[in-house]
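Everything below concerns the one structure shown next.
Everything quoted here is computed from the prediction, not taken from an experiment. For ligands, and for the atoms within them, numbers begin at 1 and follow the listed sequence.
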Amino acid sequence: MAEWSITYDKWVPKEQTLREALCTLGNGYIATRGAFEEAKAEPELNYPGTYLAGGYNRLTSEVAGKEIENEDLVNWPNWLPVSFRQQGEEWFHLSNVEVLDFKQELDLRHGLLCRYVHFRDSKGRETKLNTRRIVSMANPHLAALQWQLTPVNWSGEIELRAALDGRVTNSGIARYRALASQHLITLEQGQHDEESMYLVVQTVQSKTRMAQVARTRLYLGGKASGLIPQTRVEQSYVAHHFTVQLNQAQPLRLEKAVLLYTSRDWAISEPLLDACQNMSRQGTFGESLDEHKRAWQRLWNRCDLYTACNTKVQSVLRLHVFHLLQTVSGHTVDLDVGVPARGWHGEAYRGHIFWDELFIFPFLNLHLPAITRELLMYRYRRLNEARSAAKEAGYKGAMFPWQSGSNGREESQVIHLNPQSGRWLPDNTYLQRHISSAVAYNVWHYYQATEDMDFLSYHGAEMLLDIAQFWSTIATLNHETGRYEILHVVGPDEYHTEYPDSTEVGLNNNAYTNVMAVWVIQKALQLKNVIDDSRYDELLTKRHITPDDLTRWEDISKRMYVPFLEDTRIIAQFDGYDKLEEFDWEKYRAVHGEAMRLDRILESEGDNVNRYKASKQADVLMLFYLFSSDELLSVFEQLNYDFKPQSIPENIAYYEQRTSHGSTLSKIVHAWVLARSDRKRSWKNFEIALMSDLEDIQGGTTSEGIHLGAMAGTVDLMQRAYTGLEIRDDVLWLNPVLPDEMPCLDLQLRYRGHWIKVNFTANKMIITFDRGWSKEVKIGVRGQVHTFKTGDQKEFDIRR
Ligand code: BGC
């Protein structure tokens, strides 16, 4: 990997689907996996996929005698196809030729995917193929490619084909293949004008329509060929065919520009009409590329993190920022979509939105806060659904779904396949009610970074109050102990969804859930002093929140129960955790490695992970990830628990030994919580999180879609954990302790209307208020608060 690219120097078929995910190109509106132009979906070899942000559809399948409905992220028609054949022979496919030389490069700076192949066919003919591709960051509707063929030692006639292929299904994930997968029907297809063709499809249930219009132009020896394609139409497929006479060493270049419009778009009359009209205005590949590069440059100006001290880390961090910006960008604004846990890069988790936002928003807040706002609006617009969910479950307020898709109903699957045993099993992870606290936390932290009072007063406050009300009604008072409890839930650790041998689902008093509930309630109460009184009162009336409710909130915020392991200051993950058996980690790690899916392994052995003190991911430790020790200790103090700073390392050590890191999010949390106390171990965890996707450490999951939480989380570890960045009491605090492995870093942060440059070296930190509004803001360094305004620069000694 170079600083600005990832490159592959060999074609390795078994790595292809992983590379397709990692080489996905997108712009926050659409994304296309990095499949080869000539490739069709072939299990475990190629999986071309094009996904639309928020492009969902529901289908019903019969599984294990049950009818189940799933909402999927739809795989839309493949706009990539280009291939050629010698007259009367097979179409070109990399598997059928001898590859003499190969290089694939993903250029992160410019959002450009390039491939070079030199190959020899069975008749000894050698050919070179060069391709370049973009999904435009300048025009969200545009995707374009350049495909160039050069006969090295032959001349002759070839047939060339460029197509739009609507014969696609959702078949990217082996585990889902038994489920219904035909989401599209074709409405229209054909020739638009001499150089363009079109395909219009619609999802069967959500009735989202997409029009794709493709224009192909041929250049021979660098000049326009003047050749007009013949348009051929098959069922759900339209292609341009050319017959071309090639001369040895003379390159043939094809340029394919594709416009994609959908019925979800703003400012259109009708998708096909707008796609056709805009195609006539579309420039050459070179012109589109220039615009696209400029758009990427603007994004990098705001989002790049630079370190000259560790080039490996530098390049992977850039890959992570790159994929984040391809998933959500300025083009996401107004699309009414959330940020999917696996990017728009594959079909894993069906494009659903989870709590992974918690790991993603901190980066956006400090670089592109307008995007966080938009993603929070996705939640706000689904508040009514969350209210109905709470009501149907017998509570008040808003209960957000663990997995969210189109309209905010619960999209978690009810049963899932354990590929290890082949059995379909009930899935009760939907009981992760803590998701609502993540929404509230995100609202608050967006406000802290931006001071966007309009958002907070109108949308944010309403969500906070509704979520607080939910917690106050799901919490029940245990009259014996005098403490409030939250029963029948699941915490972040998805291995534990019920008590061993119990017939009921859910666990009682997951510590993370209970503490988060208290924090939300505290913030909802504090809101009164933040937003103006009239709005606060208006919201209380609107949401039927009474003075009695507020009294109950106060009470819960002082008397919530948090379980501890007997005679220790170790927070118990949930009530009864101490009764679980210890797990033989050594035995299983020796066979399955560190990041293992213990739930699947044990179930396939007839055992059950619920029996053991074995977590999938950070659960209790999430508390030390999300809160500074001061903030957390004050919550415990208010709850009248004797929790001391020295208990934190004990808790970390306890759970570190009992976590399998079966989620990529887990290493982020562990790296974070160790950032101060054990810098070496923190860095080890960071390095593993950093390579999660690039090296596919979960063994096959990345090819189904990247792990955006881990990607953004690693960038955020640099940006906040190692720099000690924290916003507290209207002060942006910095307390850097950079890792020895990376002792220098340059950051650019957006904070309350300012662009702030921060340059860290081992001894020095320079803060420059670069551009922004004239309003002064406070920066705290090592206990001292300094006032900054545009144009100010200060240097600080940060030696330890
Ligand atoms: C994790 C969840 C996460 C989800 C989506 C699961 O494996 O356990 O915490 O939200 O993946 O990334």
Q: Ignoring hydrogens, just give me the one of T429, D493, D356 whose non-hydrogen atom is nearest atom 12 (O) of ligand 1.
A: D356
Q) Quick check: does W355 get an N/O under 3.5 Å from an N/O on ligand 1? A) yes
Q: Test Y561 against every option in N508, N509, D575, N514 by the side chain to side chain donor-acceptor pair (under 3.5 Å) rule and name the one that passes.
A: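 By the side chain to side chain donor-acceptor pair (under 3.5 Å) criterion, Y561 pairs with just one of N508, N509, D575, N514: D575.
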Identity and distance of the protein heavy atom lying nearest [atom]:
atom: atom 8 (O) of ligand 1; result: Q617 OE1, 2.5 Å
atom: atom 7 (O) of ligand 1; result: K616 NZ, 2.8 Å
atom: atom 6 (C) of ligand 1; result: Y349 OH, 3.3 Å

Q) Side chain of E494, backbone of K616: donor and acceptor closer than 3.5 Å? A)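 Judged by distance alone, no pair lies under 3.5 Å.
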**Q.** Evaluation steps, side-chain hydrogen bond (donor to acceptor under 3.5 Å, both in side chains), between E44 and T17
**A.** CA-CA 7 Å; E44 326 315 331; T17 54; 6.0 Å; no
(Q) Would Y495 count as a contact residue for ligand 1, given that I'm defining contact as a non-hydrogen atom of the residue lying under 4.0 Å from a ligand atom? (A)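 No heavy atom of Y495 comes that close to ligand 1.
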Q) Atoms of ligand 1 less than 4.0 Å from L665 heavy atoms? A) 3 (C), 9 (O)
Q.
With heavy-atom distances below 4.0 Å as the criterion, list the atoms of ligand 1 near A341.
A. 5 (C), 12 (O)
Q: Measure the shortest side-chain to side-chain distance between M711 and D693 over non-hydrogen atoms and say whether it is less than 4.5 angstrom.
A: yes
(Q) Would you say CD of E581 has more than 12 non-hydrogen atoms from neighbouring residues, nucleotides or ligands within 6.0 angstrom? (A)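 Above 12, so yes.
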Q) Taking all atoms of both residues into account, what is the closest heavy-atom pair of P340 and G338, and its distance? A) CD-O, 3.4 Å
